[in-house]
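Notes follow the structure.
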Amino acid sequence: AAGTAKEAAQIIVNTADELIGWDCCHVRLFSSGQDRIVPILAYDEVNGHRLEIPAESLSQDPSPMTRHVMEHGAQLVNDDSPAEYRALLTPFGETGRHSVSRLFAPMRKGAIRLGIVSIQSYRTGAYTAEDLQLLQALADHCGGALERISFAESLRESEGRFRSLFESAPIGIALHDARGHYINTNHAYQEMLGYTEDELKHSGVKGITFPDDIKEGQQLFRELRAGQRNFYRREKRYLHRDGRVVWAESSASAVRDYYGELRFIVSMVDDITERKQA
């Protein structure tokens, strides 16, 4: 159900609180390419009240413990743990008061480690090895959600960039479905031919193509749909709404799914009427 990384993190720490219990916690993503931490969520108990710590107040530098967990896996660290483990710890929240029982687990998707989740307690011996296994299971579940959310956000960003390019392009761009019907056309395409988008959808490509150029276009489309080609470019004539002929250089690219089936076609059309007349 989570739509953002913070929502996913909140669900995981709430579940960990119900099943294991904690006084403070944090969830952080790790960017290996930039070697930095992206704080998502953190809580600490201050004066008997659980408070959320603003993410912007947390360091983006990976702590020694974060690096250790990302490399070696989940860790249970108590105050009686070896000194070399305790030396890796970095306080957060109310730094004047240190937790004494700590669980750390990497959030994973397969072999990829996406970040870290930690729950901690001010009670001595609050956690066991079984609690660590449970937290790791929750962290792995969160890792799957984070990958899905990251993919969805990337897709939205890509769609946003494409939409911006689509609308602002100086040449005509049209999207067609696998049957060749219009899905969308940009303003330059509509202005070039004098039709609204709804009118273009109603008439179809055949209805605005010069009759002598229809046969070649149908053949090229059949080859795209059959997978015999993924791209073509040609000069063709369109019929403007006012009846005049518009010469254009038209290119079309096939976009296919994982199985090679045609999803849609992107066509780009540049008006070359003046060049032809010259």
Side-chain angles (χ1 to χ4, degrees), residues 1-5 7 145-278:
T4 66
E7 288 176 1
L146 290 172
E147 185 184 53
R148 170 184 58 78
I149 291 166
S150 176
F151 178 79
E153 290 176 346
S154 297
L155 184 61
R156 284 194 294 270
E157 290 175 2
S158 297
E159 289 176 342
R161 288 193 295 269
F162 176 77
R163 176 57 59 182
S164 177
L165 172 64
F166 183 82
E167 295 297 347
S168 62
I171 65 171
I173 302 177
L175 298 183
H176 308 268
D177 64 20
R179 295 176 297 173
H181 299 160
Y182 284 110
I183 300 174
N184 293 114
T185 55
N186 70 349
H187 179 70
Y189 193 98
Q190 298 160 27
E191 189 174 61
M192 180 180 68
L193 299 175
Y195 295 96
T196 67
E197 184 165 79
D198 287 340
E199 289 171 337
L200 288 167
K201 289 179 179 179
H202 179 74
S203 65
V205 178
K206 186 177 178 179
I208 60 167
T209 299
F210 192 77
D212 291 350
D213 293 345
I214 291 175
K215 185 176 180 179
E216 181 187 13
Q218 291 175 331
Q219 179 60 35
L220 290 168
F221 175 72
R222 284 194 292 268
E223 292 174 6
L224 276 180
R225 188 163 56 184
Q228 296 172 325
R229 63 167 69 233
N230 287 314
F231 173 83
Y232 70 79
R233 184 194 306 270
R234 68 169 180 146
E235 289 186 1
K236 65 171 289 188
R237 289 164 288 183
Y238 290 91
L239 296 174
H240 194 278
R241 185 174 184 173
D242 63 12
R244 60 188 169 88
V245 173
V246 176
W247 274 95
E249 185 174 72
S250 174
S251 62
S253 300
V255 178
R256 304 185 188 277
D257 62 18
Y258 178 80
Y259 301 100
E261 295 296 322
L262 182 63
R263 292 290 305 280
F264 55 89
I265 297 168
V266 181
S267 63
M268 291 181 284
V269 182
D270 192 13
D271 187 345
I272 59 170
T273 304
E274 291 186 4
R275 190 177 82 195
K276 279 291 185 179
Q277 290 173 342

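One is the number of the first residue; the rest follow in order along the sequence. This is a predicted model, so every value here is computed, not measured.
- Minimum interatomic distance between Gly194 and His240 (heavy atoms only, all atoms of both residues): N-NE2, 3.6 Å.
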For this session: Output, in order, the C-alpha distance, side-chain angles, deciding distance and verdict of side chain to side chain contact (heavy atoms under 4.5 Å, CB included) for Ile173 and Tyr189.
Result: CA-CA 6 Å; Ile173 302 177; Tyr189 193 98; 5.9 Å; no
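- A donor-acceptor pair under 3.5 Å links the side-chain atoms of Thr273 to the main chain of Trp247, judged by distance alone.
- Under the rule for a salt bridge (Lys or Arg N to Asp or Glu O under 4.0 Å), Asp212 has no partner lying at least two apart in sequence or in another chain.
- The CD1 atom of Ile272 sits 12.0 Å away from atom NZ of Lys236, with the distance rounded to the nearest 0.5 Å.
- More than 12 heavy atoms of other residues, nucleotides or ligands lie within 6.0 Å of CD in Gln228, so this atom counts as buried by the packing criterion.
- Of all heavy-atom pairs spanning Glu197 and Thr185, the tightest one is OE2-N, 2.6 Å.
- For the atom pair CG (Asn184) and CD (Gln190), the distance works out to 9.5 Å, reported to the nearest 0.5 Å.
- Checked against side chain to side chain contact (heavy atoms under 4.5 Å, CB included), Ala178 has the following partners two or more places apart in sequence or in another chain: Leu262.
- With sequence neighbours left out, the side chain to side chain contact (heavy atoms under 4.5 Å, CB included) criterion links Ser267 to Ala174, His176, Ala252.
- Among residues two or more places apart in sequence or in another chain, the salt bridge (Lys or Arg N to Asp or Glu O under 4.0 Å) test is passed with Arg263 by none.
- Taking the salt bridge (Lys or Arg N to Asp or Glu O under 4.0 Å) definition, one finds that Arg225 meets it with nothing, sequence neighbours left out.
- Of all heavy-atom pairs between Ala188 and Gly172, the closest is CB-N, 3.9 Å.
- Screening residues 169-191 for salt bridge (Lys or Arg N to Asp or Glu O under 4.0 Å), with sequence neighbours left out, gives Asp177-Arg179.
- The nearest pair of heavy atoms linking Tyr182 to Gly204 is CE1-C, 3.7 Å.
- Taking the charged nitrogens against the carboxylate oxygens, Glu249 and Lys276 have no contact shorter than 4.0 Å, which rules out a salt bridge.
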For this session: Go through the steps to decide whether Val246 and Leu239 satisfy the test side chain to side chain contact (heavy atoms under 4.5 Å, CB included), and finish with yes or no.
Result: CA-CA 6 Å; Val246 176; Leu239 296 174; over 6 Å; no
For this session: Please step through side chain to side chain contact (heavy atoms under 4.5 Å, CB included) for the pair His181 and Lys201, ending with a clear verdict.
Result: CA-CA 7 Å; His181 299 160; Lys201 289 179 179 179; over 6 Å; no
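- Atom CG of Leu193 and atom CD1 of Ile208 lie 5.0 Å apart (nearest 0.5 Å).
- Checked against side chain to side chain contact (heavy atoms under 4.5 Å, CB included), Ser253 has the following partners two or more places apart in sequence or in another chain: Phe231.
- Salt bridge Arg237/Asp213: present, at least one basic N to carboxylate O contact under 4.0 Å.
- Applying the side chain to side chain donor-acceptor pair (under 3.5 Å) test to Glu199 and every residue at least two apart in sequence or in another chain returns Thr196, Arg241.
- By the side chain to side chain contact (heavy atoms under 4.5 Å, CB included) test, Val255 is found to be paired with Phe264, Val266, residues two or more places apart in sequence or in another chain being considered.
- Asn230 places a side-chain heavy atom less than 4.5 Å from the side chain of Arg256.
- In terms of the salt bridge (Lys or Arg N to Asp or Glu O under 4.0 Å) criterion, Arg222 has no residue partners (sequence neighbours excluded).
- Residues Ile171 and Val269 have side chains not in contact (no heavy-atom distance under 4.5 Å, counting atoms from C-beta outward).
- In this view, Tyr232 satisfies the ring-ring contact (aromatic ring centres under 6.0 Å, His included) rule with no residue, not counting sequence neighbours.
- Scored by the side chain to side chain donor-acceptor pair (under 3.5 Å) test, Tyr195 finds no partners at all (sequence neighbours excluded).
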